[in-house]
Amino acid sequence: MRTKSFHHLLIGSILLANIVNFAVAAEPQHQTHLAKDHASPLVVLKEAVGLLPASAAKSAVTNQEMDLFGKIAGGHLNQVNFSEAVLAVAGVTDAKTQQHYLAKLDKITDDARQGTDKFSKPDDKANYLVDYLRKGPLSGGPESGQVNMLKLLDEGKFNCVSSAILYTLIGTQLGLKTNPVSVPEHVYLHMGDSYIEPTLGFTYTEKNHQWVENELWKTATDYWKSVFGTARHYESNNMGLLGQVYYDRNGKLASNRQYEAASILALKALCLNSDQPIFTYSVKLDLRAWFKDTLNQKNYDKAQKIAAIYGQLFGDDSNEFFQQVAAARSGRAVAKS
């Protein structure tokens, strides 16, 4: 995820020393930001792409991505091949490249199976796998913001998101069922009583791993507090983990004020998991920035269409946008709410 130069690696080094156990408080409901009767993120994505210049719209969403989003929107997640989905999100569009990387994943899986087959308990298999991946396929070392799965498979470079995706890809084939967990500036995996840190190459108990969340929340910004509300973390599914790739790429574009492109990536993430609070909050901020930027350019028709897109996801919150467009058309100023 969007990290501050491997804060989690520093945490990992401390975890290897004597760890203090912390009591786990009752977990409140996570924060979400979509309106109750929101439109399908895929429908909204298509409308947003329609606002792009023709050259940008043509390459904004690949056929492979559209097929993936369509299956999820149609409730056919069981038809999604996770390995192929990972490569689609990575930008693979031709069969030859797809088969090349699928073969690499098969080789990693076969090599890992030789070790995990020695164990009968899932926790032991999980512990072996995280160590094997960190010392082998992930031996290229950590790299801030490295969510490109093709680069990971070619060079072994990773961050918390890409390493968690690789672990999930291989672990699923070996019968391990993990769930990704998002906390401020970090992602890890949860399976039963095990808390798996692919970035570090270790697994932890719940009490020991609670220290990680405590430390991350000590430095959490207002942005993260707004994302999670009163919750401490968000546990999603494999598609939610995969959406983190779009989210991380989106952050770089937003920082460079490329709000149009950032909004498209945020909507792609939402297509993969519309309940993920990180994605919904990102979409809200990016669409707002895109709208404001467009309005400042006096492109009122396009600004109104962005307002309509925003309204399909966030309901009456879009009213202020329509008021601003109307006021701008007539040369009046509208007080910000």
Side-chain angles (χ1 to χ4, degrees), residues 1-2 31-75 77 80 85-86 88-91 93 147 161 182 223 226-227 234 236-295 302-315 317-318 321:
M1 292 181 68
R2 305 170 188 174
Q31 180 96 350
T32 187
H33 303 275
L34 294 183
K36 182 178 180 181
D37 299 318
H38 64 83
S40 163
L42 179 55
V43 170
V44 176
L45 172 64
K46 289 178 179 179
E47 293 188 14
V49 169
L51 298 181
L52 302 179
S55 58
K58 187 176 181 180
S59 60
V61 185
T62 67
N63 292 334
Q64 289 73 17
E65 288 175 312
M66 193 60 72
D67 179 66
L68 172 61
F69 301 155
K71 288 176 180 177
I72 294 172
L77 187 59
V80 174
V86 168
V89 171
T93 58
V147 294
V161 171
S182 302
Y223 172 89
S226 296
V227 167
Y234 177 73
S236 59
N237 56 21
N238 289 350
M239 291 299 107
L241 173 60
L242 194 52
Q244 297 277 4
V245 173
Y246 290 131
Y247 172 75
D248 274 31
R249 290 168 52 198
N250 149 278
K252 296 176 182 178
L253 292 173
S255 296
N256 292 329
R257 300 179 183 272
Q258 297 175 263
Y259 302 125
E260 187 171 77
S263 295
I264 298 300
L265 285 176
L267 287 168
K268 285 185 181 184
L270 204 65
C271 284
L272 292 180
N273 189 328
S274 60
D275 292 328
Q276 166 61 281
I278 293 177
F279 302 164
T280 56
Y281 194 66
S282 178
V283 167
K284 173 175 277 193
L285 294 184
D286 292 330
L287 286 179
R288 281 179 170 271
W290 186 17
F291 169 81
K292 182 178 179 181
D293 191 49
T294 303
L295 190 64
K302 185 174 179 179
Q304 184 152 325
K305 290 177 181 178
I306 297 171
I309 286 173
Y310 186 93
Q312 290 184 71
L313 294 174
F314 302 107
D317 281 358
S318 63
F321 292 171

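When reading the values below, keep in mind they use all heavy atoms of this one structure, side chains included, and skip hydrogens, waters and symmetry mates.
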With a 4.5 Å cut-off on side-chain heavy atoms, are [Y] and [X] touching?
X: E260; Y: P53; answer: yes
X: Y310; Y: I306; answer: no
X: L241; Y: N273; answer: no
X: R288; Y: K292; answer: no

Under 3.5 Å donor-acceptor, [X] side chain and [Y] backbone:
X: Q244; Y: V161; value: no
X: S255; Y: G251; value: yes
X: S274; Y: L270; value: no
X: K268; Y: A60; value: yes
X: S318; Y: F321; value: no
X: D248; Y: V147; value: no
X: E65; Y: T62; value: yes
X: N256; Y: K252; value: yes

Let's go through S236 and D275 carefully: what are the C-alpha distance in whole Å and the side-chain angles of both, what is the deciding distance for side-chain contact (heavy atoms from CB on, under 4.5 Å) to 0.1 Å, and is it a yes or a no? CA-CA 8 Å; S236 59; D275 292 328; over 6 Å; no

Which distance, rounded to the nearest 0.5 Å, do you find between the [atom1] of [X] and the [atom2] of [Y]?
X: L313; Y: D37; atom1: CG; atom2: CG; value: 12.5 Å
X: I309; Y: L45; atom1: CD1; atom2: CG; value: 9.5 Å
X: K46; Y: S40; atom1: NZ; atom2: OG; value: 8.0 Å
X: T294; Y: L287; atom1: OG1; atom2: CG; value: 10.0 Å

Where do [X] and [Y] come nearest, in terms of heavy atoms and distance?
X: A254; Y: D286; answer: CB-OD1, 3.8 Å
X: I72; Y: C271; answer: CG2-O, 3.5 Å
X: V89; Y: R249; answer: O-NH1, 3.8 Å
X: L51; Y: K305; answer: CD2-CD, 3.5 Å
X: A269; Y: F279; answer: O-CD1, 3.3 Å
X: Q276; Y: S182; answer: NE2-OG, 3.3 Å

Quiz item: Which is it for S282 and N250 under the side chain to side chain donor-acceptor pair (under 3.5 Å) test, yes or no, and what are the steps along the way?
Solution: CA-CA 9 Å; S282 178; N250 149 278; 3.2 Å; yes

Could you give me the CA-CA distance, side-chain angles and deciding distance for L267 and F69, then say whether side-chain contact (heavy atoms from CB on, under 4.5 Å) is met? CA-CA 11 Å; L267 287 168; F69 301 155; over 6 Å; no

_Taking the ring centre of each residue, are Y259 and F291 less than 6.0 Å apart?_
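Ring-ring flag for Y259/F291: false, centres at least 6.0 Å apart.
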
Q: Determine, stepwise, if the pair L272 / L68 fulfils side-chain contact (heavy atoms from CB on, under 4.5 Å).
A: CA-CA 8 Å; L272 292 180; L68 172 61; 3.8 Å; yes

Assess the residue pair F314 and H38 against the criterion (side-chain contact (heavy atoms from CB on, under 4.5 Å)); give the C-alpha distance rounded to whole Å, side-chain angles, the decisive distance to 0.1 Å, and a yes or no. CA-CA 7 Å; F314 302 107; H38 64 83; over 6 Å; no

